[in-house]
Every structure is written in structure tokens, then in C-alpha cells.
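Below: one structure, written as C-alpha cells.
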Amino acid sequence: MESSIRLLACLACVLPTGECLLLSLAHARLTQPAPLSGSPAQRWSMQVPAEVSAAAGDAAVLPCTFTHPHRHYDGPLTAIWRAGEPYAGPQVFRCAAARGSELCQTALSLHGRFRLLGNPRRNDLSLRVERLALADDRRYFCRVEFAGDVHDRYESRHGVRLHVTAAPRIINISVLPGPAHAFRAFCTAEGEPPPALAWSGPALGNGSAAAAVPSSGQGHGHLVTAELPALNHDGRYTCTAANSLGRSEASVYLFRFHGASGASTVALLLGALGLKALLLLGVLAAGVARRRAEHLNTPDTPPRSQAQESNYENLSQMNPRSPPAAMCSP
């Protein structure tokens with residue numbers, strides 16, 4: 001074999017330059033070492049899509065398959081899904097399978113919305129997420145652990161992004177006092193894609209532009225807030241949120257009290273309080289007078305008859321037919 005290669009190389013020297021290059025490449029391919037016998041046919045790896053998209057309220061499936069260096073493994077294993085970041089993110093799902101069993105018994109399912117679809121014995125860790133919310137919009141990482149060697153475990157480094165879409169929804173609209181007796185209006189909405197906000201109202205026209213800024217805080221990139229810095233007229237102010245999936249609106253009303261000056265207002269309040277006090281005293285006096293009149297008009301009770309104790313009167317009322325009583329002189 002080696003002599004044939006030398007002959008080929010010598011012939012290449014007398015041939016044109018292009019053919020010499022071709023034979024040199026062929027010579028390089030012939031001299032590559034063959035793979036060593038007994039080396040593993042596959043190693044640890046994870047296969048996940050870059051992104052999965054679903055609408056809020058629906059369900060989504062996060063695919064994840066893996067390979068491992070063992071020809072066959074039927075020992076205990078654990079399947080894990082994390083959210084946010086690999087290795088250190090909070091677990092949202094975990095299940096464990098006993099030796100020789102294809103049933104992975106669920107040990108953790110955040111809010112009961114995560115369910116394993118795949119079979120870890122067949123290298124499938126696919127997960128189903130129910131009742132999606134905008135808070136579920138983040139990256140997820142699958143992991144498998146075999147019992148035994150510390151190196152018999154693997155986790156996806158890049159994970160799969162779950163993109164949750166939602167039509168806009170206004171979650172807060174309010175009017176707050178500002179400096180110099182002025183008022184400001186705020187409108188906060190959520191949605192994905194983040195909605196554009198617009199105000200309409202007195203002297204603003206329809207769909208007046210309002211500066212919408214993302215709300216502060218992690219995990220709230222789907223929230224936006226728009227402010228009207230000064231409300232100069234009374235009436236109805238409407239905030240409209242819109243994105244490619246729909247629109248939503250809500251309104252707030254502003255009615256200010258246009259009274260007299262401060263001193264006049266205080267005088268009016270004191271006068272009203274004094275009038276109420278006088279009326280109350282009049283009602284009390286009338287009640288007292290009525291009770292006195294009722295007491296004076298009550299008729300006297302006739303005198304109660306008393307028992308007669310005179311012996312004379314008792315004797316005079318005796319039956320005349322009875323014999324006279326004996327009289328004894330001293």
C-alpha cells in the first residue's frame with residue numbers, strides 16, 4: 001500500500017500543476033487515520049428548537065430530545081425543566097423513573113400546568129405547558145440525570161424560548177393630582193407585541209399621541225405606560241391600546257369644583273354648619289315642649305276608697321232585725 005502511494009506521488013511531479021494538486025489531495029485522503037475501534041458511537045447532546053410561539057390562554061409544547069454515550073440504560077433517571085437560566089434557574093418541572101420503568105413519576109409541576117409528553121427512556125423530554133400567560137414568556141432548559149457517575153447528566157445550555165403572544169389589555173387607568181392644582185392621567189396596558197397607547201379627550205382630539213414607555217421591573221417587558229402630564233379641561237379621557245392582535249380601551253372622567261375664593265368658601269361652610277346647629281336645637285326644644293304638654297294634660301287619678309273603721313257606722317249598717325247589742329254602764 002505504501003509503495004503504490006509513493007508511485008502516485010512521483011507521477012504527480014511530472015504532470016501539469018492542476019493534476020498534481022488533485023493527486024496530492026487524493027494522497028492526503030488516503031493517509032487519514034481510521035477511527036479507533038471501541039470508541040463510543042455517540043456522546044451527550046441536547047436537541048431543542050430556538051423558539052416556540054403560542055397565544056396566551058392556549059397550550060404549548062417544548063420539544064427536547066437527547067443522546068447519551070451508553071448503548072443501553074435502564075437504571076433510575078430524573079428529568080428536569082428549568083426557567084430563566086441553565087443550571088441555576090428555578091425548576092418548573094421534575095419527574096423520576098425507577099429502574100426498568102418507563103413511567104416518570106411527577107414530583108414537581110409549577111401550578112400544575114406542566115406535563116411531560118415525551119418518554120425519557122426513549123430519549124425524549126418534551127414538555128407541555130397549559131393555560132399560558134404572559135409571565136410564561138421566557139427561556140426554558142431541559143436536563144436529564146442518570147443515577148451513578150456524576151458525569152451521567154446533561155442540560156441544554158441555550159434552551160428554548162417560549163414566546164407568548166396576547167392581544168392588548170388595559171390593567172390600570174387613573175387620574176392623580178399634580179403640582180399647582182393640576183392633574184395627570186396614567187394608563188398601563190399589557191400585551192405581546194407591546195401595545196401602542198394613545199389618549200383622546202377634551203381639546204385632545206381623537207388618538208392623540210402619548211409617550212408610551214415600558215414599565216420598570218424584570219419580567220414585565222410586556223407592560224407599557226402612557227402619561228398625560230396636564231389635564232386642562234373637564235370631561236372624559238380615553239386610553240386606547242393596540243397591537244397586531246387587537247385593541248382595547250378604557251376611560252376616566254375628570255370634574256373639578258369651580259367655586260368661590262378660599263375665604264368665601266370657608267364662610268359658606270361655617271354658615272351652613274351654623275344653620276344645621278340651629279335647626280337641631282329647634283327640633284330638640286320642640287320635643288321637650290311636647291313632652292311637657294303631654295304631662296300637663298294628663299287627668300288626675302280619682303282617690304282610692306278606704307275601708308270604714310268607725311264602730312258607729314258599722315253598727316248603723318247592721319240588719320235592723322237583729323237584736324240590739326247589750327250596753328254595759330261603767
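Just one residue in the list V160, T67, V144 forms a side-chain contact (heavy atoms from CB on, under 4.5 Å) with M46, and that residue is V144. V52 pairs with exactly one of V61, L62, V129 by the side-chain contact (heavy atoms from CB on, under 4.5 Å) rule, that one being L62.
Side-chain contact between T78 and C95: absent, with no pair of heavy atoms (C-beta onward) separated by less than 4.5 Å. Residues S53 and T165 meet the side-chain proximity criterion, which asks for heavy atoms closer than 4.5 Å. R138 places none of its side-chain heavy atoms less than 4.5 Å from the side chain of L162. In this structure the side chain of I173 never reaches within 4.5 angstrom of the side chain of F186, judged on heavy atoms. Residues F183 and L254 meet the side-chain proximity criterion, which asks for heavy atoms closer than 4.5 Å. When side chains are defined from C-beta on, P76 counts as touching R99, because their heavy atoms get closer than 4.5 Å. You'll find the side chain of S251 stays beyond 4.5 Å of the side chain of Y237, heavy atoms only. Counting only heavy atoms from C-beta outward, the side chains of F66 and W44 approach each other to under 4.5 Å.
For E145, the salt bridge (Lys or Arg N to Asp or Glu O under 4.0 Å) criterion is met by R143, not counting sequence neighbours. Checked against side-chain contact (heavy atoms from CB on, under 4.5 Å), R139 has the following partners two or more places apart in sequence or in another chain: F141, R161.
Put simply, the side chain of D137 gets close to the backbone of V164: a donor and an acceptor are under 3.5 Å apart. Remark: the backbone N or O of C142 is paired with a side-chain donor or acceptor of S156 at under 3.5 angstrom. Not one N or O on the side chain of T106 forms a donor-acceptor pair closer than 3.5 Å with the backbone of L108. Checking side-chain atoms of T188 against main-chain N and O of T225 turns up no donor-acceptor pair under 3.5 Å. At distances below 3.5 Å, not a single donor-acceptor pair connects side-chain atoms of E192 with backbone N or O atoms of A166.
Residues L197 and A241 come closest through the heavy atom pair CD2-CB, 3.3 Å. Contact detail for P63 and W81: the closest heavy-atom pair is O-CH2, 4.3 Å. For P168 against N243, the heavy-atom pair with the smallest separation is CD-OD1, 2.9 Å. Minimum heavy-atom separation, V92 to A83: CG1-CB, 3.9 Å. Closest approach of A59 to A54, counting heavy atoms only: O-CB, 4.0 Å.
Looking only at atom types and distance, the side chain of T65 has a donor-acceptor partner in the side chain of Q47 under 3.5 Å away. No side-chain donor-acceptor contact under 3.5 Å links H68 and D152.
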Please report the C-alpha distance between L77 and R121 in whole Å, then the side-chain angles of each, then the deciding distance to 0.1 Å, and finally whether the side-chain contact (heavy atoms from CB on, under 4.5 Å) criterion is met. CA-CA 9 Å; L77 62 81; R121 293 293 181 193; 3.5 Å; yes
Evaluate C64 against D124 for side-chain contact (heavy atoms from CB on, under 4.5 Å), listing each step before the verdict. CA-CA 6 Å; C64 175; D124 191 348; 5.7 Å; no
Mind running salt bridge (charged side-chain N to carboxylate O under 4.0 Å, His left out) on R128 and E130 for me, showing each step along the way? CA-CA 7 Å; R128 179 181 175 91; E130 305 283 350; 2.5 Å; yes
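Atom CD of residue Q91 and atom OG of residue S109 lie 12.0 Å apart, to the nearest 0.5 angstrom. Atoms OG1 and CH2, on T238 and W199 in that order, are 8.0 Å from each other to the nearest 0.5 Å. Note: R247 CZ to I170 CD1 = 9.5 Å, rounded to the nearest 0.5 Å. Atom CD of Q105 and atom CG of L116 lie 11.5 Å apart (nearest 0.5 Å). The distance from the CG atom of L132 to the NE2 atom of H163 is 11.5 Å, given to the nearest 0.5 Å.
Salt-bridge annotation for R169 and E190: present, with a side-chain N of the basic residue lying under 4.0 Å from a carboxylate O of the acidic one. The pair D136-R131 does not meet the salt-bridge criterion, since no charged nitrogen lies less than 4.0 angstrom from a carboxylate oxygen.
For F146 and Y73, the ring centers sit closer than 6.0 Å to each other.
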